[in-house]
Amino acid sequence: MAGDTVVLNENGVSYRAGQGAMETARKTEINYQALFHSSPVPAFILENTGTDIILIDFNPSVSKIIRNIGAHNLDQSVDVIFPGFYELNLNLRSCSPEHPSFVLEALYRSHQGLPATYLQFNCCYVDPNLLVVSVQNIHRKRQAESDLEKSRERLELAIAATGAGVWDWYLVTGEVVFEDEWAAILDYKPHEIKPHISSWEQLIHPEDKQRVYDMLDRHISGELPRYKSEHRLRAKGGNWVWVLDVGKIVERSTDGSPIRMTGTKVDISKHKKLEAELELLNRELEKRIEDRTQKLEQSKRSLLRNRQDLQKKSQHLTEVNNALKVLLKKSDENKADMEENMLANAKELILPYLEKIEEESLNETQLMYMGIVKTNLKEIVLPFSRKLTSKYLNLTPSELTVADLIKHGKSTKEIASLLYLSEKTIATQRKNIRKKIGINRKKVNLRTYLHTFQE
């Protein structure tokens, strides 16, 4: 029909329209174009040429997700625009009236070097030549799902590694889901325990019940951030098993009332046994320390007593020593008095008679002897020979006699004559005396040195 044009309605069905209809279609197309290009949903339009699928249009939102798309890609094949993206290209080519749409989630790398991004493609078949594809960035969603899955896996591994039994309590109905591990800790089969809170309450040790209920109430009221309790549960065989029970309210109603609480139970019997053994060892250690402390205290007191005894003995020895010093001093004084008395007696009782003998007719030799006797009597208190022998104990009696005569100025010849010895013997004794008193080979006069013993 002249003046008619073939157009598509909103369902993609072609029909012939007149001039008015064409104007309406043109306006509709303009409106659609405006909506398409202003849409926040990234989308592009593809044309199926029969041999290839090419890009004929896209809105600006696409470039926010697929950064390598631009005006230069118009009329290009999707194989060029998405190189290596075979899954998308394959799905685009398979779109048909029998399969008018598809949703594809895929990891897409838009530029070399940039991190890959999860995209969701939603394709709509318009007609054999036209495809409309919208794109969504679902990377955060997929990442969150992946993180959630990893967290779930880690939780399951942690529970499996610790041998924990999981429980899930619905507070309104009292229903409790006891997982297999929970029952196994008490040697029960899952079906042997009624899934109700009363089953758990009946297993709690009577001595622990009040403490467990208090911990639960404090958590439910909000006082504690979580419920945690160590208590005993009765196993199937009647024995008591220590468990660590930990839980938390995970769901509340709009008014804040608790609806659901979940947690885990772990067998800590071995830990409690070790704890008891450690406590016993600590008590034994404290007892040993106490005993050792008492012994040390006793030793300390004994040492103190010994120290006091030693101090007393030391003080006594000091007193004895002082007394001996006094006695020695007194002895020296008595000795001095005795020597003075002896000298006085000698002067009064002996010297006068010696002087009378000297008045008699005596030869030279007799006079010399008398002189020596008088001199020695004068030194009877502090005799020269005693001083000499006290310092030089190795002098013989004959050497002492020779030394005494040398001190009185007698020559070797005179001494030999007085003692009826040879001069050679007297000379040998003089050498022996010098050697024994330490002046051998020294330029020291023997007589002068011997006079020092009178000082």
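Along the sequence shown, residues carry numbers from 1.
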Task: Residues which pass salt bridge (charged side-chain N to carboxylate O under 4.0 Å, His left out) with E98, listed by chain and number, not counting sequence neighbours - done: none
Open item on the list: Using only atom types and a distance under 3.5 Å, with no angle test, would you say the side chain of N445 pairs donor to acceptor with the backbone of T448?
Closed with: yes
Open item on the list: Could you tell me if the side chain of M261 sits less than 4.5 Å from the side chain of L216, heavy atoms only?
Closed with: yes
TODO: Just say parallel, tilted or perpendicular for the rings of H205 and W240, cut-offs at 30° and 60°.
DONE: tilted
Task: Side chains of W200 and L233 in contact at under 4.5 Å (non-hydrogen atoms) - done: yes
Open item on the list: Does atom NE2 (H316) have a neighbourhood of more than 12 heavy atoms from anything else shown, all under 6.0 Å?
Closed with: no
Open item on the list: Would you say that more than 12 heavy atoms from the other residues, nucleotides or ligands in this model lie under 6.0 Å from the CZ of R307, or not?
Closed with: no
Open item on the list: Testing the basics here: between R211 and S229, what is the closest heavy-atom pair and its distance to 0.1 Å?
Closed with: NH1-OG, 4.1 Å
Open item on the list: Check this for me: H37, atom NE2, are more than 12 non-hydrogen atoms of other residues, nucleotides or ligands nearer than 6.0 Å?
Closed with: yes
TODO: Could I get the full list of salt bridge (charged side-chain N to carboxylate O under 4.0 Å, His left out) partners for E207, not counting sequence neighbours?
DONE: R232
Open item on the list: Are V78 and L92 packed together at the side-chain level, in the sense that at least one heavy-atom pair is separated by less than 4.5 angstrom?
Closed with: yes
TODO: Rounded to the nearest 0.5 Å, what's the gap from CD on Q308 to CG on L303? Could you check?
DONE: 11.0 Å
TODO: With rounding to the nearest 0.5 Å, note down the distance linking CG in L310 to CD in Q315.
DONE: 12.5 Å
Open item on the list: Can a side-chain donor-acceptor contact be found between E87 and N91 if the only test is distance below 3.5 angstrom?
Closed with: no
Let me check something: any side-chain donor-acceptor pairs from residues 278-292 under 3.5 Å, sequence neighbours excluded? List them with distances.
| unit_1 | atom_1 | unit_2 | atom_2 | d |
| --- | --- | --- | --- | --- |
| N282 | ND2 | L278 | O | 3.3 |
| K287 | NZ | D291 | OD1 | 3.0 |
| K287 | NZ | D291 | OD2 | 3.0 |

TODO: List in chain and number order the residues that pass ring-ring contact (aromatic ring centres under 6.0 Å, His included) with Y125, two or more places apart in sequence or in another chain; answer none if no residue qualifies.
DONE: none
TODO: Assess the pair H271 and W242: is the distance between their ring centroids shorter than 6.0 Å?
DONE: no
- [ ] Decide yes or no for V41 and F36: does some side-chain heavy atom of the first lie under 4.5 Å from some side-chain heavy atom of the second?
- [x] no
TODO: Kindly compute the distance separating CG (L274) from OG (S269), expressed to the nearest 0.5 Å.
DONE: 11.0 Å
Open item on the list: Taking the side chain as everything from C-beta on, heavy atoms only, tell me whether I138 gets closer than 4.5 Å to L119.
Closed with: no
- [ ] Hey, could you give me each pair passing salt bridge (Lys or Arg N to Asp or Glu O under 4.0 Å) that has a residue in residues 39-61? Not counting sequence neighbours.
- [x] D52-R93
Open item on the list: Nearest 0.5 Å, please: how far is CD in Q120 from CG in N137?
Closed with: 10.5 Å
Open item on the list: Could you measure the distance from the CD1 atom of I268 to the NZ atom of K270? Nearest 0.5 Å is fine.
Closed with: 13.5 Å
Open item on the list: Is there a side-chain contact between N122 and Q136 in this structure, where contact means two heavy atoms from C-beta onward sitting under 4.5 Å apart?
Closed with: yes
- [ ] Locate the shortest heavy-atom distance separating A427 from T412; write the atom from each residue and the value.
- [x] N-CG2, 4.2 Å
TODO: Report, as yes or no, whether the 6.0 Å neighbourhood of atom CZ on R447 holds more than 12 heavy atoms from other residues, nucleotides or ligands.
DONE: yes
Open item on the list: Are M215 and L224 packed together at the side-chain level, in the sense that at least one heavy-atom pair is separated by less than 4.5 angstrom?
Closed with: yes
TODO: Would you mind checking if K265 and E181 are paired as a salt bridge, meaning a charged N to carboxylate O distance below 4.0 Å?
DONE: no
Open item on the list: Salt bridge check, D245 against K228: does any charged N sit closer than 4.0 Å to a carboxylate O?
Closed with: no
TODO: Take S94 and H99 through the test side-chain contact (heavy atoms from CB on, under 4.5 Å) and record every step on the way to the result.
DONE: CA-CA 7 Å; S94 64; H99 302 284; 6.0 Å; no
Task: Criterion salt bridge (charged side-chain N to carboxylate O under 4.0 Å, His left out) on K209 and E201, from CA distance to verdict - done: CA-CA 8 Å; K209 274 189 177 182; E201 292 175 332; over 6 Å; no
Task: Spacing of N432 atom CG and I437 atom CD1 [to the nearest 0.5 Å] - done: 11.5 Å
TODO: Would you please say whether a donor-acceptor pair under 3.5 Å links the side chains of N322 and E319?
DONE: no
Open item on the list: Within the supplied structure, the quantity of interest is the number of heavy atoms (other residues, nucleotides, ligands) at a distance under 6.0 Å from K64 NZ; does it exceed 12?
Closed with: no
TODO: Could you check R430, Q429, K436 and say which one makes a side chain to side chain donor-acceptor pair (under 3.5 Å) with E399?
DONE: K436
- [ ] Report the residues that fulfil ring-ring contact (aromatic ring centres under 6.0 Å, His included) with F82, sequence neighbours left out, ordered by chain and then residue number.
- [x] Y108
- [ ] Could you tell me whether the side chain of L131 reaches within less than 4.5 Å of the side chain of I45, counting heavy atoms only?
- [x] no
